[in-house]
Undergrad: 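Quick one: the structure is below, questions incoming.
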Amino acid sequence: YQTFTGDLKWDHHDVTYRILNYSPDMEESLIDDAFARAFKVWSDVTPLTFTRLYDGTADIMISFGRADHGDPYPFDGKDGLLAHAYPPGEGVQGDAHFDDDEYWTLGTGPVVKTRYGNAEGALCHFPFVFEGKSYSSCTSEGRTDNLPWCATTADYDNDKKYGFCPSELLYTFGGNANGAECVFPFIFLGETYNGCTTEGRNDGYRWCATTNDFDMDKKYGFCPSRDTAVIGGNSEGEPCSFPFVFLGKKYYSCTSEGRGDGKLWCATTNDYDQDKKWGFCPDRGYSLFLVAAHEFGHALGLDHSNIQDALMFPMYSYVEKFSLHKDDIEGIQYLYGPKPGPNPTPPQSTPDPSKQPDTPATTAPTTTTPAPIDPSKDACKVDKFDTITEIDGDLHFFKDGQYWRMSNKGLQGPFFLSERWPALPAVVDAAFQDQLNKKMYFFSGTRFWVYTGQSLLGPRGIDKLGLPKSVSRVEGVLHKGKDKVLLFSGENYWRLVVKDQMVDKMAVTNVVFGGVPSDVTDVFLYKRNMYFVRERFYWRMNVNKQVDRVGYVKYDLLQC
Amino acid sequence: WCLPLSSVFVTFPGDILKNVTDEELADRYLKRFGYMEELQRSGIQFQGSSSKALMKMQRQMGLEETGLLDKPTMAAMKHPRCGVPDVRS
């Protein structure tokens, strides 16, 4: 690893950041989440904390821009340079800039979050089948209003789950119109426009008026990119027009003809030869998370590494399961030191006293030998808990017949489930405490138990709560007011009226919590925040329904 | 076999990434990322001045240090990357 000359670094550990604008390529919540996760890469291994500011000057100001974007280092169109960042300091120092001529995704192709429809904001599922035909992008087939839509499951014909795709006909972002949709035609400087335009701007962003007369109302917003929109070229944001004519020949799909770099392109009108309108076809895109994590490394004081697998290596490569390289950890810890708190200790065999030397050691030990730990009794060694829930104000972590309690005294346990709640099976999928009468509800498979102190009701089938027979288990629970809870299973949840022990008839819906994964394996409420858990990670949503933290269960909640 | 039968290259309007020769691309790359300082280059032929810079770049990128514009080096130069220079003056 390398640091910048003079070991430039922040002189404080509570670093702030602010997102100044967004890319049209992804929904804002997905961009927020990518940045939050990228910061977490560094806060996991240092004493640094990162707080997001919504106005004013932050240490790290994050922005998207194209070509000349206000500093002496212009970007270069699609591919090539992806982003850059400045080492710590005042002014532009510490800031991170992302080239918006890139196609920003999570690294594996379009990430299309839907709005409206009946899928409650789920992501599009590509490909999906509609009327027997397979679609790999949003379509306006089947509609007369031209709105692009997609299915959020593989088979619309069976599941009928759909939502609308990003489109200027549905909403805008940024600007001053609170996200209102474009109004076409609109008038700008006396001219009439029937679509989004880059006229009047020098940054290449497409915009529209949200009333029919911009000259009079001055209301505008930026147009979100459609998933089928081309990137770069001279028609940014327009969809490909198939078939199109190029050098007299008809093309029915993207082509690399005419280019020496092998990049796929298409025309955005039906005749390239005549109109010369074109752009690059959408591809897998670049992972905003990975690029941001790299740039934030610069913003914290790391220069480029020459270790190819290190995050701070200058070239981009996509990795599915990211973990910070030893070289990056050593680099950042050289600047800021390690994260405070005990390190995880490997299990060790119990020393046999008979084999200990009976002569005293000649030098005093510099470290204390950790007490042997039985992995089955160490919560820090558990990769994934069966469920986590708050009981009497303390978090309880359940795993295979045991549970741990995290209180202000620290982590205690493991305790045996059978000692406190003897009727329960070893694996508990979900649990919650009724806030009114402190009864404990436990779910395992298709059964549930209710404990009032030591008296037991159950087990009973979860279908008795009004859950459909198709529900094979309840995976998580969120309190909704004092007398209702939401029971989560898969991507659905139901609202249970606790005193009636019955779910509302019409209250089944898909997960509508923005910014959290749809495939969470546990959900719980703790100190008024909602936690959505997937494997080792959690997404914390505050009372304003904003995801304000993404973290590790092990390090943050268990304080391992 | 994967090349089109009759390749034609056109200049696409608005294309920032123009067709450039390998030498031009390498020259720009070595300069942009700090391997070759501008003063060092003035008035000197590419081949002579850049060999050291190329080797420096090849070392940084984990490539064989040939000092030549070989295929792996050109591929590395075309690879998407961060805009922060690798070498500082």
Undergrad: Report, as yes or no, whether the 6.0 Å neighbourhood of atom CD on B:Glu64 holds more than 12 heavy atoms from other residues, nucleotides or ligands.
TA: no
Undergrad: Can you measure from CD (A:Gln308) to CG (B:Leu63) and round to the nearest 0.5 angstrom?
TA: 7.0 Å
Undergrad: Applying side-chain contact (heavy atoms from CB on, under 4.5 Å) between B:Arg81 and each of A:His304, A:His294, A:His84, report the one that passes.
TA: A:His304
Undergrad: Nearest 0.5 angstrom please: A:Asp303 CG to B:Asp86 CG, how far?
TA: 8.0 Å
Undergrad: At a 4.5 Å cut-off on heavy atoms, which part of B:Tyr29 comes close to chain A: side chain, backbone, both, or neither?
TA: neither
Undergrad: Could you check whether any side-chain heavy atom of A:Met315 comes within less than 4.5 Å of a side-chain heavy atom of B:Cys82, counting everything from C-beta outward?
TA: no
Undergrad: If I measure from the heavy atoms of chain B, does A:Glu295 come under 4.5 Å with its side chain, its backbone, both, or neither?
TA: side chain
Undergrad: I'd like to know which of A:Tyr286, A:Phe313, A:Trp278, A:Trp265 tops the heavy-atom pair count under 4.5 Å against chain B.
TA: A:Trp278
Undergrad: Non-hydrogen atoms of chain B under 4.5 Å away: do they reach the side chain of A:Ile307, the backbone, both or neither?
TA: neither
Undergrad: Do you know the tightest heavy-atom contact between A:Leu82 and B:Pro80?
TA: CD2-CB, 3.9 Å
Undergrad: Could you tell me which portion of B:Met61 (side chain, backbone, both or neither) has an atom closer than 4.5 angstrom to a non-hydrogen atom of chain A?
TA: both
Undergrad: What part of A:Ser305 is in contact with chain B, defined as an atom under 4.5 angstrom from a non-hydrogen atom: side chain, backbone, both or neither?
TA: backbone
Undergrad: When heavy-atom pairs shorter than 4.5 Å are enumerated against chain B, which of A:Tyr73, A:Phe4, A:Tyr86 gives the highest number?
TA: A:Phe4
Undergrad: Return yes when atom OH of A:Tyr334 has more than 12 non-hydrogen atoms of other residues, nucleotides or ligands closer than 6.0 Å, and no otherwise.
TA: no
Undergrad: Would the distance check show the side chain of A:His298 and the main-chain N or O of B:Val84 forming a donor-acceptor pair, the cut-off being under 3.5 Å?
TA: no
Undergrad: Yes or no on side chain to side chain contact (heavy atoms under 4.5 Å, CB included) for A:Leu81 and B:Arg32, after CA distance, side-chain angles and deciding distance?
TA: CA-CA 11 Å; A:Leu81 305 179; B:Arg32 173 177 274 161; 3.8 Å; yes
